[in-house]
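Worth saying up front: this structure is predicted, and the values here are computed from it rather than measured. Sequence lines set the chain letters: A, B, ... in the order given, protein chains first and strands last, and positions in each chain run from 1.
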Amino acid sequence: MLDVERIRRNPEEIRIGLQHRGESPDLVDRFLELDEAYRATLQEVERLRAVRNQVSREIGKMPPGPEREARIVEMRELGERLVAEEARLRDLEAQREELLLQFPNIPHPSVPVGSDESANRVVRVEGEIPEFDFPPLPHWELGPRLGLIDFERGVKLSGSRFYVLWGLGARLERALIQWLLDLHTQVHGYLEVYVPFVVKREALVGAGQLPKFEDNLYHDVEDDIWLVPTAEVPLTNLHRDEILEADQLPLYYVAYTPCFRRERMSAGRDVRGIKRGHQFDKVELYKFTTPETSYLELEKMVEDVVDTCRRLGLPTRVVEICTGDLGFAAAKTYDVEVYAAGCGEWLEVSSVSNTEDFQARRANLRYRPRPGARPRYMHTLNGSGLGLPRTVIAILENYQQRDGSVVVPEVLRPYMGVEVLRGPR
RNA sequence: GGAGGGGUGGCCGAGUGGACGAAGGCGGGUGACUCGAAAUCACCUGUGGGCCCCUGAAGGCUCACCGCGGGUUCGAAUCCCGCCCCCUCCGCCA
């Protein structure tokens, strides 16, 4: 959510921000109009309430009699007017709030301006792209051939875009989760958190998924409870409605969760393999910081993610996302991609964003700069560390051997119990 | 799921229709005392919104908030209804 004051004072800045994202700037004018009507009505309501409070207090002190009765009648009439004005106010307030929730974050000045992903900038490349003396297979062939990935049975159980992992395929998934959590907690300084995999509506509003992206979420109507599309949602809401002390910041959290996405908007894209499914595992990094340090922390988080890829021995590049390709809540984002030799693609395994105070305003995340000082909104950052299926893809495809086996990256061997994947067992 | 009890400020806790944003205590801050500290004393100490003033986080006025949402009333922390959460007991269960 944007600062209302900022929209009022610098409407042009917001219009430009929206345009750079490829969105209509009309939102600003619609909001300003509604905001004005809202405030006018608010003032009238408060004026009436002030009179009522004042007179009611006087009534309490008056002896019974005609004078007192007259005042009561007067206030009864005023009360009727007040009820009507209050109804109007509630209506305007709801509309205003709804509109406010539609605003995406405004890109940071350093973000390259561009309309789509073609304007994204590769800012860093690391590691060697593996070379093979045989044609490397894509994972959707390698996986089933080794008995690690079973697409048919996934579809049988749950429909398209679900899959089953067998034996060492399942173990690889679990090993990665374990290794990632150990790495981030022991080397990168994050605190491990275990969070619920379903959340209330407010949590999704707080993180920015609702009301705009309802289509992409699984939802139990009976209890109005939602499957998390990313651990970012519960993590954002961990400190909702709290006021932390400055010396508690920054907070570094890491959480593993499965993620559930309906992916209705992307039907037809990336249909082969496990690159895009309705359910996938992810280890998520999250930071709560002061506004002063958030951009420094963003760079550090990117470095943590790159370090993770490096340790897995995967060719890695960092892409600075342009304004037109930025996610709803992000002010600035770097994608971290790894190269997968079988399908010949750079795969996004992490998207690292600074949302500045966008989520903090929605979820009411504040801190006190000094003891006794007024609370301020924190800044929040999120990034995958890493998304599992794509990491699995890159491992299978880059570490494959002529004989069809796959060598296990060294760091995972203690977690896997084997050095080579030759079959599911 | 059933029965009973309960949700008040950073924390504890009083308050069952009017002067209550809310006693008292704890915690925190400032000052006095002290060479310094402790102790003691004095004062201050919730959040959000709107308006005025203004370059502003300084000041003034005002509204809202006692789990959440409705209602009754001139007036609600207090009465009524619905919901949520917590505790105890019973039931069920990994």
I'd like to know if the side chain of A/Thr257 and the backbone of A/Cys259 have a donor-acceptor N/O pair within less than 3.5 Å. no
Say we look at B/C84 and B/A23: how far apart would their P atoms be, to the nearest angstrom? 33 Å
Kindly state each residue pair satisfying salt bridge (charged side-chain N to carboxylate O under 4.0 Å, His left out) with at least one member in residues 51-67 of chain A, sequence neighbours excluded. A/Glu58-A/Arg71
Could you measure between the two C1' atoms, the one in B/G9 and the one in B/G27, and give it in whole Å? 13 Å
What verdict does the side chain to side chain contact (heavy atoms under 4.5 Å, CB included) test give for A/Lys287 and A/Thr380, after you've listed the backbone C-alpha separation in whole Å, the side-chain angles of each residue and the deciding distance to 0.1 Å? CA-CA 6 Å; A/Lys287 292 183 181 181; A/Thr380 62; over 6 Å; no
Pairing partner of B/G17 (Watson-Crick or G-U wobble, both distances under 3.5 Å): none
Set of side-chain contact (heavy atoms from CB on, under 4.5 Å) partners for A/Asp223, sequence neighbours left out: A/Asp220, A/Ile225
Nucleotide forming a Watson-Crick or wobble pair with B/C43, both distances under 3.5 Å: B/G29
Find the partner of B/A77: check Watson-Crick (N1-N3 plus N6-O4 or O6-N4) and G-U wobble (N1-O2, O6-N3) distances, both under 3.5 Å, and reply none if neither fits. none
Is there a Watson-Crick or G-U wobble partner for B/A23 with both distances under 3.5 Å, and which nucleotide is it? none
According to the ring pair (Phe, Tyr, Trp, His ring centres under 6.0 Å) rule, which pairs have a member within residues 361-382 of chain A, sequence neighbours left out? none
Taking the P atom in each of B/U88 and B/G10, what is the distance between them to the nearest angstrom? 26 Å
Scan A/Arg366 against the nucleic acid and name what it touches under 4.0 Å (heavy atoms): base, sugar-phosphate only, or nothing. sugar-phosphate
Rounding to the closest angstrom, what is the interatomic distance between B/G21 and B/C80 at atom P? 22 Å
Separation between the C1' atoms of B/G56 and B/U45, rounded to whole Å: 24 Å
Could you let me know what B/C66 is paired to, Watson-Crick or G-U wobble, both distances under 3.5 Å, or none if it's on its own? none
Identity of whatever pairs with B/C61 - Watson-Crick or G-U, under 3.5 angstrom: B/G50
Please list, chain by chain and in numerical order, all residues satisfying side-chain contact (heavy atoms from CB on, under 4.5 Å) with A/Gln95, sequence neighbours excluded. A/Leu34, A/Asp91
Students often mix this up, so state it plainly: with edges at 30° and 60°, are the rings of A/Tyr218 and A/His278 parallel, tilted or perpendicular? perpendicular
Given that both distances must come in under 3.5 Å, which nucleotide forms a Watson-Crick or G-U wobble pair with B/A38? none
Within residues 5-15 of chain A, the residues having a heavy atom closer than 4.0 Å to RNA chain B are A/Arg8
If you find the nucleotide of RNA chain B closest to A/Arg90 and the one closest to A/Ser56, which residue's nucleotide is nearer the 5' end? A/Ser56
What does B/A3 pair with, Watson-Crick or G-U, if both distances are under 3.5 Å? B/U88
Expected list for residues 27-53 of chain A near RNA chain B, using heavy atoms below 4.0 Å, is A/Arg39, A/Leu42, A/Gln43, A/Glu46, A/Arg49, A/Ala50, A/Arg52, A/Asn53
Under 3.5 Å, which donor-acceptor pairs do the side chains of residues 77-89 of chain A form with other protein atoms, sequence neighbours left out?
residue	atom	partner	partner atom	Å
A/Glu86	OE2	A/Arg49	NH1	2.6
A/Arg88	NH2	A/Thr41	OG1	3.3

Using the C1' atom in both, what is the distance from B/C20 to B/A39, to the nearest Å? 35 Å
For A/Arg21, all residues meeting salt bridge (charged side-chain N to carboxylate O under 4.0 Å, His left out), sequence neighbours excluded: none
Between A/Arg368 and A/Arg96, which has a closest nucleotide on RNA chain B that is more 5'? A/Arg368
Can you tell me which residue pairs pass the salt bridge (charged side-chain N to carboxylate O under 4.0 Å, His left out) test with a partner in residues 241-261 of chain A, sequence neighbours excluded? none
Can you tell me which residue pairs pass the salt bridge (charged side-chain N to carboxylate O under 4.0 Å, His left out) test with a partner in residues 375-390 of chain A, sequence neighbours excluded? A/Glu292-A/Arg376
When you compare B/C63 with B/G4, how far apart are their P atoms, in angstrom units rounded to a whole number? 41 Å
So, applying side-chain contact (heavy atoms from CB on, under 4.5 Å) with A/Leu217, which one of A/Val228, A/Leu210, A/Leu227 is it? A/Leu210
Please give the distance between the C1' atoms of B/G60 and B/U72 as a whole number of Å. 36 Å
The first and last nucleotides of RNA chain B lying within contact of chain A, meaning any atom under 4.0 Å from one of its heavy atoms, run from B/G18 to B/G75
Enumerate the residue pairs fulfilling side chain to side chain donor-acceptor pair (under 3.5 Å) with a member in residues 180-193 of chain A, sequence neighbours excluded, ordered by first and then second residue. A/Asp182-A/Tyr415, A/His184-A/His188, A/His188-A/Asp307, A/Tyr190-A/Asp304
